[in-house]
Asks: 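To start, I am sharing the structure in question, which I have written as structure tokens.
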Amino acid sequence: MEQPLNGKHILVVDDEAVFRTLLDNFLQSLGANTTLANDGIEAIDFIDQNAPDLIICDLDMPRMNGIKLIEYLRKRNCMVPVLVISATENMADIAQVLRLGVQDVLLKPLRDLGLLREAMLECLYPSMFTSKVEEDEQLFHDWDALVRDPPAAAKLLKELQPPVQQVLAGCRINYRQLTMAEKPGLVLDIAALSGKDLAFYCLDVTRAGDNGVLAALLLRALFNGLLQEQLSGQAQRLPELSSLLKQLNLLLRQAHLHGQFPLLVGYYHQELKNLILVSAGLNGTLNINTHQIRLSSGVPLGTLDSTHLNQISHRCDAWQCQVWGAGGKLRLMLTTD
């Protein structure tokens with residue numbers, strides 16, 4: 001839809017006039033009707049007379065800040081979806097508004113309006129989206145049970161595998177997998193980070209016993225959030241995947257998952273046409289037109305306290321990546337629309 005917010009009324013609560021205007025223009029370009037408020041007091045004056053479809057609010061504002069506003073609304077059983085956009089570095093504030101039931105929190109400076117668009121659509125049209133958040137919450141809720149029941153963990157992992165063909169971040173993606181029929185082998189997960197970029201990983205779960213499957217489930221729940229956190233905290237537009245894998249190596253140890261975890265991670269930015277591949281224990285080749293680039297395996301995660309990685313980066317608008325290890329082979333193909 002060219003104007004997916006057509007007919008929706010959105011209340012913007014922010015004391016920064018320039019940012020308010022930016023949001024106002026962007027929301028109207030998507031078809032929304034808008035009302036602007038300078039702080040929580042002005043927002044309440046409007047909400048008492050009208051019912052917006054969505055509230056976008058800052059946290060740090062004069063007279064009444066965003067936390068007080070959200071508390072006021074929830075105490076009065078006003079369950080209008082709330083999307084917070086704030087420059088706060090106080091994680092306690094973010095935790096508090098999440099407990100109050102806000103739908104999402106985005107951090108300023110907001111460099112990618114595509115992220116805002118997707119967050120608003122998930123707030124307004126939740127039934128249109130498969131909720132990975134709900135899957136992850138259920139996963140953590142059932143974690144102890146999965147640890148005690150390896151066959152159930154393996155069954156869940158199989159059910160969570162991505163479709164073999166899909167469109168993500170303006171790219172057509174499909175893959176072919178060759179693994180043992182009954183047992184998990186080379187596991188793939190792939191997801192859009194925004195309307196412009198996506199990430200994926202392949203994990204060989206065969207070299208750590210039952211811990212391999214548990215590591216794959218843990219990565220599924222944490223990977224995208226860790227990568228988005230890294231992208232939001234740095235000036236460059238492309239991630240440092242080597243830093244991400246070091247963080248994953250530490251998380252596996254903290255979760256007491258011991259063994260070898262061969263892993264390949266990829267990131268593709270559709271606008272920049274930039275592909276990054278990093279391997280920690282899996283072999284890979286990248287095919288672009290008639291060119292083939294070999295990515296040597298490196299050292300699997302979990303082997304050492306430190307990580308020893310191999311990385312390649314290339315600009316391209318179509319590519320094929322072949323990945324293989326003890327758990328099987330996989331070919332991932334991408335073309336831009």
Side-chain angles (χ1 to χ4, degrees), residues 1-129 131 133 194-196 225 228-229 231-233:
M1 294 182 291
E2 291 185 1
Q3 290 193 317
L5 303 184
N6 189 35
K8 299 297 183 181
H9 196 134
I10 298 179
L11 173 62
V12 177
V13 191
D14 198 302
D15 63 320
E16 297 181 28
V18 173
F19 189 68
R20 255 198 337 262
T21 301
L22 171 68
L23 287 183
D24 186 29
N25 292 336
F26 180 64
L27 295 173
Q28 291 193 39
S29 74
L30 297 177
N33 297 316
T34 58
T35 297
L36 308 181
N38 189 60
D39 56 33
I41 298 295
E42 290 185 11
I44 288 173
D45 289 343
F46 173 80
I47 295 168
D48 284 345
Q49 303 297 323
N50 306 274
D53 297 292
L54 174 66
I55 299 170
I56 298 176
C57 80
D58 191 12
L59 293 183
D60 185 15
M61 297 180 292
R63 297 203 298 172
M64 178 183 280
N65 64 30
I67 294 176
K68 295 296 184 184
L69 170 62
I70 297 165
E71 287 178 339
Y72 174 91
L73 297 176
R74 296 313 186 227
K75 286 178 180 178
R76 284 155 181 77
N77 295 318
C78 176
M79 302 310 295
V80 173
V82 178
L83 174 61
V84 169
I85 304 178
S86 173
T88 183
E89 296 181 356
N90 188 338
M91 295 305 296
D93 288 346
I94 294 175
Q96 184 174 356
V97 296
L98 289 172
R99 285 195 298 269
L100 289 169
V102 305
Q103 270 59 38
D104 206 345
V105 178
L106 301 179
L107 296 179
K108 295 178 181 177
L110 192 61
R111 299 184 181 92
D112 186 356
L113 291 176
L115 286 175
L116 171 59
R117 181 182 186 275
E118 291 187 9
M120 291 189 298
L121 292 178
E122 289 196 38
C123 290
L124 292 166
Y125 308 105
S127 62
M128 291 176 59
F129 294 84
S131 178
V133 172
S194 73
K196 300 177 182 178
Q228 288 179 322
E229 178 183 326
L231 284 167
S232 67

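Since the model is a prediction, treat every value here as computed from it, not as a measurement.
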Asks: How about Leu83 and Leu116: do any of their side-chain heavy atoms sit closer than 4.5 Å?
Replies: yes
Asks: Output yes when a side-chain donor or acceptor of Arg74 lies under 3.5 Å from a complementary backbone atom of Leu100, and no otherwise.
Replies: yes
Asks: Nearest 0.5 Å, what's the CZ-CD1 distance between Arg63 and Ile41?
Replies: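 Atom-to-atom, Arg63:CZ and Ile41:CD1 are 5.5 Å apart.
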Asks: With a 4.5 Å heavy-atom cut-off, do Leu30 and Lys8 have their side chains touching?
Replies: no
Asks: Which heavy-atom pair separates Pro4 from Arg117 by the least distance, and what is that distance?
Replies: CG-NH2, 3.6 Å
Asks: Are any of the side-chain heavy atoms of Leu107 and Ile94 separated by less than 4.5 Å?
Replies: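 Of all side-chain heavy-atom pairs linking Ile94 with Leu107, at least one is under 4.5 Å.
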Asks: Looking at every non-hydrogen atom in both residues, tell me the closest pair between Pro81 and Cys123 and how far apart they are.
Replies: CG-O, 4.0 Å
Asks: Can you find a pair of side-chain heavy atoms, one from Cys57 and one from Leu11, that are under 4.5 Å apart?
Replies: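 A side-chain contact is absent here, since even the closest heavy-atom pair is not under 4.5 Å.
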Asks: Does CG in Asp24 sit with more than 12 non-hydrogen atoms of other residues, nucleotides or ligands closer than 6.0 Å?
Replies: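 Check passes, neighbour count above 12.
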Asks: Does the side chain of Asp104 come within less than 4.5 Å of Met120's, by heavy atoms?
Replies: no
Asks: Checking side-chain hydrogen bond (donor to acceptor under 3.5 Å, both in side chains) against His9, which of Asn33, Thr35, Asp53 comes through?
Replies: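 With His9 as partner, side-chain hydrogen bond (donor to acceptor under 3.5 Å, both in side chains) holds for just one option, Thr35.
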Asks: How close do Ala43 and Ala37 get, heavy atom to heavy atom, and via which atoms?
Replies: N-CB, 3.8 Å
Asks: Measuring from atom CD1 of Ile56 to atom CD of Gln103, what distance do you get when rounded to the nearest 0.5 angstrom?
Replies: 11.5 Å
Asks: Closest heavy-atom contact between Pro62 and Asn38?
Replies: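 Heavy atoms of Pro62 and Asn38 come nearest at CG-ND2, 4.3 Å.
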Asks: Mind checking whether Leu59 and Asn65 have side chains closer than 4.5 Å, heavy atoms only?
Replies: no
Asks: What I'd like to find out is whether the side chain of Ile55 reaches to under 4.5 Å of the side chain of Leu73, using heavy atoms alone.
Replies: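 They are in contact (side-chain heavy atoms under 4.5 Å apart), so the answer is yes.
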Asks: So Val105 and Val84, side chain to side chain contact (heavy atoms under 4.5 Å, CB included) or not? Walk me through it.
Replies: CA-CA 5 Å; Val105 178; Val84 169; 4.2 Å; yes
Asks: Under 3.5 Å, side chain of Asn25 to main-chain N/O of Gln28, donor-acceptor pair present?
Replies: no
Asks: Below 4.5 Å, heavy atoms only, C-beta onward: do Phe19 and Asp58 meet side chain to side chain?
Replies: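 Counting from C-beta outward, Phe19 and Asp58 never come under 4.5 Å.
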Asks: Should Asp14 and Lys108 count as an ion pair when the cut-off is N to O under 4.0 Å?
Replies: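 Yes, Asp14 and Lys108 are salt-bridged.
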Asks: Give the minimum heavy-atom separation between Met61 and Gly66, together with the two atoms involved.
Replies: CE-N, 3.5 Å
Asks: Would you compute the distance between atom CD1 of Ile10 and atom CG of Leu5 and round it to the nearest 0.5 angstrom?
Replies: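 Here the rounded value is 5.0 Å.
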Asks: Take Leu69 and Ile44 through the side chain to side chain contact (heavy atoms under 4.5 Å, CB included) test and state the conclusion after the steps.
Replies: CA-CA 8 Å; Leu69 170 62; Ile44 288 173; 3.8 Å; yes
Asks: Verify side chain to side chain contact (heavy atoms under 4.5 Å, CB included) between Val82 and Val97, making sure each step is shown before the conclusion.
Replies: CA-CA 10 Å; Val82 178; Val97 296; over 6 Å; no
Asks: If I compare all heavy atoms of Asn50 with all of Pro52, which pair ends up nearest, and what's the gap?
Replies: O-CD, 3.6 Å
